[in-house]
Amino acid sequence: MSISAFIFDLDGVIVDTAKYHYLAWRKLANELGFEFTKEQNELFKGVSRKRCLEILLDIGGITATQDQFDKWMVEKNEDYLEYIEKMDESEILPDVPKVLDFLKERNIPIALGSASKNARPILEKVHLLSYFDAIVDGNDVTKAKPDPEVFLIAARKLKTAPEKCLVFEDAVAGIQAANNAKMLSVGIGHPDILSEAQYNFKDFTEMSIKFLTGLISK
Ligand code: G6P
Ligand code: MG
């Protein structure tokens, strides 16, 4: 079956925002009196803000009241927003524009499928918003990846059957969500970590245009 629509995750696929999420979560952890490492931050990729805070508090052995929990969610996001405020095109990951241009030139529908509630402002900051025919983000879903909801909504918005969609993802939960949606899953990152993906590339510089044309014209 040939591919006729493409869905991109945001964080870790289009831009490297994991480092900003990390700095904001680490600041909160330090304020609460414990360390938060880059290795622990790996667990947060593709995971909703709420779930991240639950994991962070588990790491610190902290039990929070609902009020404290809500306050820390806001605090982390305010710190994160300060970092993304300064983002520009230089933060787009290598060869992302090449892939987007290739698809755009052929009028192939493109969607974003992200857990982030900050997806739109980030795409605006890096001037990529206009490439996307549909945006599905953390504001639109009730079920987190690995549930396929985010990608199924994206396919619906692109008026394309799930089996004809391809998903680019850097998170294990995201690859599982794509597989659960019966879409073609392409891992962007370490193949050992993303072993459940149907195809794997370290980054877009490793993925040839020939690979894309092969999938589209099959
Ligand atoms: C992405 C990132 C996660 C982040 C989530 C929510 O999936 O990989 O690390 O927690 O988005 O982001 P938000 O911007 O809504 O806090
Ligand atoms: Mg991601």
Side-chain angles (χ1 to χ4, degrees), residues 6-29 36-59 69-87 91-93 96 111-126 128-129 132 135-151 153-154 166-179 181 183 185-190 193-194 196-197 200-204:
F6 286 71
I7 306 174
F8 291 73
D9 172 49
L10 177 69
D11 298 291
V13 169
I14 293 177
V15 283
D16 176 21
T17 42
K19 59 186 180 217
Y20 300 137
H21 281 296
Y22 171 63
L23 291 173
W25 285 124
R26 189 182 65 178
K27 180 166 171 270
L28 179 62
F36 176 60
T37 66
K38 278 203 165 141
E39 288 68 38
Q40 288 166 330
N41 191 56
E42 285 299 307
L43 300 172
F44 285 22
K45 289 189 175 170
V47 175
S48 73
R49 194 183 310 163
K50 179 167 173 281
R51 184 69 198 123
C52 287
L53 181 54
E54 287 167 0
I55 302 172
L56 190 84
L57 295 178
D58 267 355
I59 292 170
F69 192 95
D70 295 345
K71 180 175 144 262
W72 292 335
M73 286 262 285
V74 171
E75 199 178 307
K76 183 269 168 180
N77 194 51
E78 281 173 354
D79 287 328
Y80 178 65
L81 288 176
E82 266 185 45
Y83 288 112
I84 62 173
E85 182 58 36
K86 299 178 198 108
M87 284 180 84
E91 307 232 14
I92 299 171
L93 288 169
V96 168
L112 190 86
S114 166
S116 173
K117 295 188 172 176
N118 296 304
R120 274 177 189 275
I122 292 173
L123 286 178
E124 270 170 25
K125 287 266 160 217
V126 301
L128 290 180
L129 189 62
F132 291 86
I135 292 186
V136 187
D137 65 17
N139 301 295
D140 305 307
V141 295
T142 53
K143 293 175 227 137
K145 299 170 188 174
D147 190 282
E149 185 185 23
V150 61
F151 297 140
I153 297 174
L166 177 152
V167 174
F168 292 118
E169 255 292 349
D170 73 314
V172 176
I175 292 295
Q176 291 168 341
N179 291 341
M183 298 179 178
S185 56
V186 179
I188 301 294
H190 205 293
I193 297 173
L194 304 175
E196 290 173 56
N200 265 291
F201 299 100
K202 181 174 68 57
D203 58 33
F204 285 112

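Whatever order the structure lists them in is the order used to number ligands and atoms, beginning at 1. Fair warning: this is a prediction, and the values are worked out from it, not measured in the lab.
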Element-labelled atoms of ligand 1 that are located less than 4.0 Å from some non-hydrogen atom of [X]:
| X | value |
| --- | --- |
| F44 | 3 (C), 9 (O) |
| N118 | 13 (P), 14 (O) |
| K45 | 8 (O) |
| G46 | 2 (C), 3 (C), 7 (O), 8 (O) |
| C52 | 10 (O) |
| K117 | 13 (P), 14 (O), 15 (O) |

*Should the pair E54-K50 be classified as a salt bridge under the 4.0 Å nitrogen-to-oxygen rule?*
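Salt bridge between E54 and K50, a charged N being under 4.0 Å from a carboxylate O: yes.
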
*Would you mind checking if E91 and K19 are paired as a salt bridge, meaning a charged N to carboxylate O distance below 4.0 Å?*
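Result for this pair is yes, salt bridge flagged.
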
*Between L112 and I14, is a side chain to side chain contact (heavy atoms under 4.5 Å, CB included) present by the stated rule, with each step listed?*
CA-CA 10 Å; L112 190 86; I14 293 177; 3.7 Å; yes

_CG-CG distance between L194 and N200, expressed to the nearest 0.5 angstrom_ = 5.5 Å

_Between CD on residue E42 and CD1 on residue I193, distance to nearest 0.5 Å_ = 6.0 Å

*Report yes if some heavy atom in the side chain of Y20 is under 4.5 Å from a heavy atom in the side chain of D79; otherwise report no.*
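A side-chain contact is absent here, since even the closest heavy-atom pair is not under 4.5 Å.
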
*Kindly indicate whether the side chain of L93, heavy atoms from C-beta on, has any atom under 4.5 Å from the side chain of D203.*
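No, side chains not in contact.
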
*Can you tell me the protein heavy atom closest to atom 1 (C) of ligand 1 and the distance?*
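Going atom by atom, the protein heavy atom closest to atom 1 (C) of ligand 1 ends up being D11 OD2, 3.1 Å.
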
*For K76 and H21, run side chain to side chain donor-acceptor pair (under 3.5 Å): C-alpha distance rounded to whole Å, both residues' side-chain angles, the deciding distance at 0.1 Å, then the answer.*
CA-CA 8 Å; K76 183 269 168 180; H21 281 296; 2.9 Å; yes

*For R49, is at least one N or O under 3.5 Å away from an N or O on ligand 1?*
yes

_Test of proximity, V47 against ligand 1: N or O pairs below 3.5 Å_ = yes

*Can you say whether the rings of F8 and F204 are parallel (under 30°), tilted (30 to 60°) or perpendicular (over 60°)?*
tilted

*Test side chain to side chain contact (heavy atoms under 4.5 Å, CB included) on F44 and L56 and set out the steps.*
CA-CA 9 Å; F44 285 22; L56 190 84; 4.1 Å; yes

*Just going by heavy-atom distances, which of A24, S114, S116 is nearest to atom 6 (C) of ligand 1?*
S116

*Protein N, O or S atoms less than 2.8 Å from the Mg ion (ligand 2), ignoring waters?*
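Only D9 OD2, D11 O, D170 OD1 fall inside 2.8 Å of the Mg ion (ligand 2).
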
Quick one: side chains of residues 166-176, donor-acceptor pairs under 3.5 Å with protein atoms, not counting sequence neighbours, listed by atom name and distance.
residue : atom : partner : partner atom : Å
E169    : OE1  : A171    : N            : 3.1
E169    : OE2  : K145    : NZ           : 2.7
Q176    : NE2  : E196    : OE1          : 3.4
Q176    : NE2  : E196    : OE2          : 3.1

*Does G138 come within less than 4.0 Å of ligand 1, judged by its heavy atoms?*
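No, G138 has no heavy atoms under 4.0 Å from ligand 1.
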
